[in-house]
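We name chains A, B, ... by the order of the sequence lines, and we start the count at 1 in each one. Keep in mind that the numbers below use all heavy atoms, side chains included, and drop hydrogens, waters and symmetry copies.
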Number of protein chains: 4
Amino acid sequence: MGAGETSTDDEVPSRNAIMDATYRALAKHGYADLSMQDIADEFEKSRSLLHYHYDTREDLILAFVDDLIGWIGSELEKTGTEDPRTRLIEYVDRFTLGERDRRRGFVVALFELRLQAPHNRKLREKLTKHYQRNVDTAAGIIEDGIEAGVFEPVAPREIAEHIYSSMQGAAFHEVVLGAEGATRRMRDGLLEYIVGELVVVPALLESAFDEKSDL
Amino acid sequence: MGAGETSTDDEVPSRNAIMDATYRALAKHGYADLSMQDIADEFEKSRSLLHYHYDTREDLILAFVDDLIGWIGSELEKTGTEDPRTRLIEYVDRFTLGERDRRRGFVVALFELRLQAPHNRKLREKLTKHYQRNVDTAAGIIEDGIEAGVFEPVAPREIAEHIYSSMQGAAFHEVVLGAEGATRRMRDGLLEYIVGELVVVPALLESAFDEKSDL
Amino acid sequence: MGAGETSTDDEVPSRNAIMDATYRALAKHGYADLSMQDIADEFEKSRSLLHYHYDTREDLILAFVDDLIGWIGSELEKTGTEDPRTRLIEYVDRFTLGERDRRRGFVVALFELRLQAPHNRKLREKLTKHYQRNVDTAAGIIEDGIEAGVFEPVAPREIAEHIYSSMQGAAFHEVVLGAEGATRRMRDGLLEYIVGELVVVPALLESAFDEKSDL
Amino acid sequence: MGAGETSTDDEVPSRNAIMDATYRALAKHGYADLSMQDIADEFEKSRSLLHYHYDTREDLILAFVDDLIGWIGSELEKTGTEDPRTRLIEYVDRFTLGERDRRRGFVVALFELRLQAPHNRKLREKLTKHYQRNVDTAAGIIEDGIEAGVFEPVAPREIAEHIYSSMQGAAFHEVVLGAEGATRRMRDGLLEYIVGELVVVPALLESAFDEKSDL
DNA sequence: CATGAATGAGTTTTCATTCAT
DNA sequence: TATGAATGAAAACTCATTCAT
């Protein structure tokens with residue numbers, strides 16, 4: 001009873017504290033070994049209190065996923081520009097830059113949750129939607145760029161998907177398998193592609209290039 | 001102690017059967033929910049026998065990882081050609097083609113195991129080595145191609161890493177997040193890159209292209 | 001982790017009930033065959049509750065030993081006299097008298113626990129201390145008696161050790177090997193020694209004895 | 001079938017090796033933690049072979065007790081003298097002297113087995129008999145001494161029991177509870193008693209003593 | 001809100017024992 | 001004799017969850 005209906009509240013301080021504790025516990029133990037006790041240990045309160053706020057463990061996890069996804073979404077929307085070129089680069093940077101260690105736990109936690117998707121319908125629905133939103137965001141930027149004539153006329157969704165998958169693959173290898181710098185290298189590769197192939201070269205410049213290449 | 005030395009034996013029929021059962025159980029339940037009982041359920045013999053062959057659950061998992069890695073390695077080596085271009089395409093195909101449903105469980109299982117790496121040193125060592133071997137294989141092919149003059153003079157390890165990460169990222173999204181066809185699309189994109197940018201265009205053809213593009 | 005800090009609390013009703021249950025289970029099954037289930041069977045609550053209060057079987061056993069030792073210590077201190085002769089006899093009686101059957105299980109249980117000492121450091125430390133305290137108690141009484149001039153000037157620690165070892169040896173044989181009455185006979189022998197050899201015979205009495213023996 | 005009837009053979013080399021292995025395993029792990037595997041580990045052969053020779057674990061333990069008891073009995077009979085005084089001292093020495101570490105494991109092992117007696121009828125019968133034989137041996141020596149006029153006319157069984165219990169009590173404390181030297185001190189005390197109180201002082205000597213004490 | 005106590009189902013692991021070879 | 005493989009029962013321990021306070 002009481003607040004046990006797993007509502008979507010944010011303002012409740014305990015709930016936020018639980019989300020934070022869950023994040024820390026997840027980073028520390030990994031999803032496969034994550035117990036309610038582990039979360040309670042990161043929280044300063046008792047195990048029972050977790051159940052007061054979330055009826056079941058699954059409820060808590062699902063709420064945590066909502067929390068995480070919401071946070072990513074809000075990060076992604078921050079921008080002060082309209083220029084598709086800048087926005088696309090910001091998009092890539094958002095997924096690839098950041099203090100290494102702060103990123104690490106976060107990325108691992110997100111991958112762990114995603115890997116539960118194949119075994120949990122509710123989780124799958126939430127995360128599938130999240131993935132699509134992420135790709136859509138990039139696709140939207142690319143479409144805008146094409147319309148504005150600053151990007152070549154590529155297939156927006158496919159290019160967006162490529163960009164997103166590549167970044168995620170690199171993050172996975174860096175964070176999970178110790179491929180130090182893989183994310184950074186992937187970012188550089190993607191920027192090279194964006195600047196070198198996706199962005200339309202103004203006629204003036206292009207002719208300049210052609211002349212150069214003639215040499 | 002019995003036979004629990006966790007050796008690398010094949011030949012022992014029960015051990016192979018256990019590896020198979022583990023594979024099926026892992027695909028069915030996911031790593032986080034994988035119990036010895038789940039494995040025993042996929043096995044025709046008793047639960048105790050699992051412990052007769054592998055002292056602990058962890059030993060069994062590690063043996064399974066060895067098994068899996070060994071199998072992937074042997075698949076990767078199969079080729080009848082010397083031509084770097086063909087070999088690189090084969091490499092990509094090996095990670096991206098295959099009957100969809102047979103792949104699915106396998107890919108998920110492997111990702112799940114990889115995500116345990118940050119929390120388990122032994123696993124991390126095995127999988128890190130495996131990742132490096134996979135990238136090295138591609139890098140080797142690219143080097144061969146550059147030496148043979150059929151590939152442009154790129155940085156082999158970086159390109160190899162890009163290719164591998166991209167494929168893995170696409171597989172992750174397809175299999176885990178329901179991005180149907182993402183692997184296939186990524187393959188096509190990579191082949192386009194290989195054929196269109198990596199492979200050296202013979203002078204003759206090149207001028208032909210130039211002429212064409214003039215039209 | 002819960003309340004598993006294995007503290008020395010009494011007051012907690014469950015903990016006391018667990019100690020009692022352990023005592024009964026130990027007397028019934030013997031240490032070598034003592035399972036958590038056996039203890040739970042003597043307990044009115046569930047098996048899990050044992051683990052709630054004591055993280056491991058070993059913790060429970062160690063707590064039980066503390067409990068037992070504390071109880072013996074408090075028994076040993078009960079006396080209303082200052083006279084070393086009476087106190088020494090009380091000391092002997094405390095270890096040798098008592099309703100036979102109530103003692104039986106208790107003595108066996110304590111011997112069983114002691115025999116784990118060679119294989120368990122923590123147990124050894126506790127029990128070694130207990131043994132020394134028991135011998136020290138007797139040695140203290142003897143010292144007091146010597147100082148007070150009521151005991152002959154013997155070596156207190158050695159006599160104390162002899163008394164204690166003899167009583168324990170007799171108890172062992174009676175309770176473990178069916179030497180009925182051995183404890184009682186040892187008590188009588190010890191009293192004979194105390195009265196006849198340890199206690200100083202006042203000169204007056206002594207001459208009386210001499211005269212008697214002259215007859 | 002076969003040799004599985006748990007017969008009393010000695011000549012079978014394997015059986016002797018098993019008894020030795022059992023002894024070592026018992027000294028190493030303690031009775032409460034003694035598994036068939038532990039015995040097999042000390043043996044150089046397989047666990048199954050233990051069951052070939054002894055149908056059950058209990059059979060093996062009982063056979064081991066027979067073995068141990070027989071060995072002690074044969075040690076106790078070794079003597080080259082008829083003099084009850086010497087024989088009694090030899091008796092005491094047999095239980096109290098010997099290289100400390102060789103004794104240690106042996107004594108612990110025997111005590112551990114004895115403590116199973118209250119929980120196992122067959123064991124109890126064997127060990128009770130053994131205990132009585134040991135006490136009877138001493139009682140016999142004392143009786144012989146009394147008859148021969150070299151010992152005071154004491155109650156043989158009671159004195160024998162006192163001697164035996166005291167020695168065992170001291171051994172227990174030394175070996176189990178770390179009372180270093182307790183056995184040796186008890187031996188000295190017992191010899192003092194034998195020489196000073198049990199042995200008849202020839203009239204001549206006695207008067208000499210009396211004169212001395214007159215001083 | 002918050003907790004400690006309590007539970008039952010389930011987990012990994014151990015172990016004596018059996019059996020085919 | 002001797003073994004490795006196999007098993008079922010039971011062991012210790014974990015854990016999400018409930019409940020009275």
Output yes when at least one side-chain N/O atom of D:Tyr52 is less than 4.0 Å from OP1 or OP2 of F:dA2, else no.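 The answer is no; no side-chain N or O of D:Tyr52 sits under 4.0 Å from OP1 or OP2.
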
Contacts of A:Phe106 that satisfy ring pair (Phe, Tyr, Trp, His ring centres under 6.0 Å) - sequence neighbours left out: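 Checked A:Phe106 against ring pair (Phe, Tyr, Trp, His ring centres under 6.0 Å); matches are A:Trp71.
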
If I take atom [atom1] in residue [X] and atom [atom2] in nucleotide [N], what distance separates them, rounded to the nearest angstrom?
X	N	atom1	atom2	value
C:Gln37	E:dG8	CD	P	12 Å
C:Leu49	E:dA9	CG	P	16 Å
B:Phe43	F:dT7	CZ	C1'	12 Å
B:His29	E:dG10	NE2	P	14 Å
B:Asp33	F:dA16	CG	P	11 Å
B:Arg15	F:dA6	CZ	C1'	14 Å
A:Leu50	F:dC15	CG	P	14 Å
C:Asp41	F:dA12	CG	C1'	15 Å

On DNA chain E, check which nucleotide each of C:Glu44 and B:Asp38 is closest to and give me the residue with the more 5' one.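 Looking at the nearest nucleotide for each, C:Glu44 comes out on the 5' side.
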
Contact check, side chains of [X] and [Y], non-hydrogen atoms, under 4.5 Å:
X	Y	result
C:Arg114	D:Phe111	no
B:Asp67	B:Tyr23	no
C:Met19	C:Leu68	no
C:Leu113	C:Ile61	yes

As a test of reading the structure: which of E:dT3, F:dG8, E:dT7 is closest to the side chain of B:Ser46, going by heavy atoms?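 Of all the options, the side chain of B:Ser46 is nearest to F:dG8.
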
I'd like to know whether C:Leu127 forms a side chain to side chain contact (heavy atoms under 4.5 Å, CB included) with D:Val176, so could you lay out the CA-CA distance, the side-chain angles of the two residues, the decisive distance to 0.1 Å, and finally the verdict. CA-CA 9 Å; C:Leu127 290 171; D:Val176 172; over 6 Å; no

My understanding is that only residues two or more places apart in sequence, or in another chain, count here; which of them pass salt bridge (charged side-chain N to carboxylate O under 4.0 Å, His left out) with B:Glu125?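 B:Glu125: salt bridge (charged side-chain N to carboxylate O under 4.0 Å, His left out) contacts with B:Arg121.
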
For C:Arg124, salt bridge (charged side-chain N to carboxylate O under 4.0 Å, His left out) partners two or more places apart: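 If we apply the salt bridge (charged side-chain N to carboxylate O under 4.0 Å, His left out) test to C:Arg124, skipping adjacent residues, there are no hits.
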
A:Tyr31 ring centre to A:Arg57 NZ or CZ under 6.0 Å, with the angle to the axis within 45°?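 Yes, A:Arg57 and A:Tyr31 form such a contact.
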
Examine A:Arg15 relative to A:Phe43 and say whether NZ or CZ is less than 6.0 Å from the centre of the six-membered ring and inside a 45° cone about the ring axis.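 Here A:Arg15 fails the 6.0 Å and 45° test against A:Phe43.
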
Specify the residues of residues 108-126 of chain D, ordered by number, for which at least one heavy atom lies under 4.0 angstrom from an atom of DNA chain F.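 Under 4.0 Å from DNA chain F: no residue of residues 108-126 of chain D.
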
Identified stems (criterion: three or more consecutive Watson-Crick or G-U pairs, under 3.5 Å), DNA chain E: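 Stems (3+ consecutive pairs) listed as E:2-21 with F:2-21.
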
Is a side-chain N or O of D:Arg24 found less than 3.5 angstrom from the main chain of D:Glu42, in a donor-acceptor match?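 Between the backbone of D:Glu42 and the side chain of D:Arg24 there is a qualifying donor-acceptor contact (under 3.5 Å).
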
Contact nearer the 5' end of DNA chain F, comparing C:Ser35 with B:Lys45: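 In this pair, the answer is B:Lys45.
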
Please work out if B:Leu34 contacts a base, only the sugar-phosphate, or nothing of the nucleic acid, heavy-atom cut-off 4.0 Å.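 Counting heavy atoms under 4.0 Å across all strands, the contact made by B:Leu34 is with sugar-phosphate only.
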
Pair B:Asp38, B:Lys28 - check salt bridge (Lys or Arg N to Asp or Glu O under 4.0 Å), show working. CA-CA 9 Å; B:Asp38 292 332; B:Lys28 191 182 283 184; over 6 Å; no

Expressed as a whole number of Å, how far does the P atom of E:dC1 sit from that of F:dT21?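 It works out to 22 Å between them.
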
Identify all pairs in which a protein N or O lies below 3.5 Å from an N or O of nucleotides 17-21 of chain F, and state each distance.
from: F:dT17; atom 1: OP2; to: A:His51; atom 2: NE2; distance (Å): 3.2
from: F:dT17; atom 1: OP2; to: A:Arg57; atom 2: N; distance (Å): 2.6
from: F:dT17; atom 1: O4; to: A:Arg47; atom 2: NH2; distance (Å): 3.3

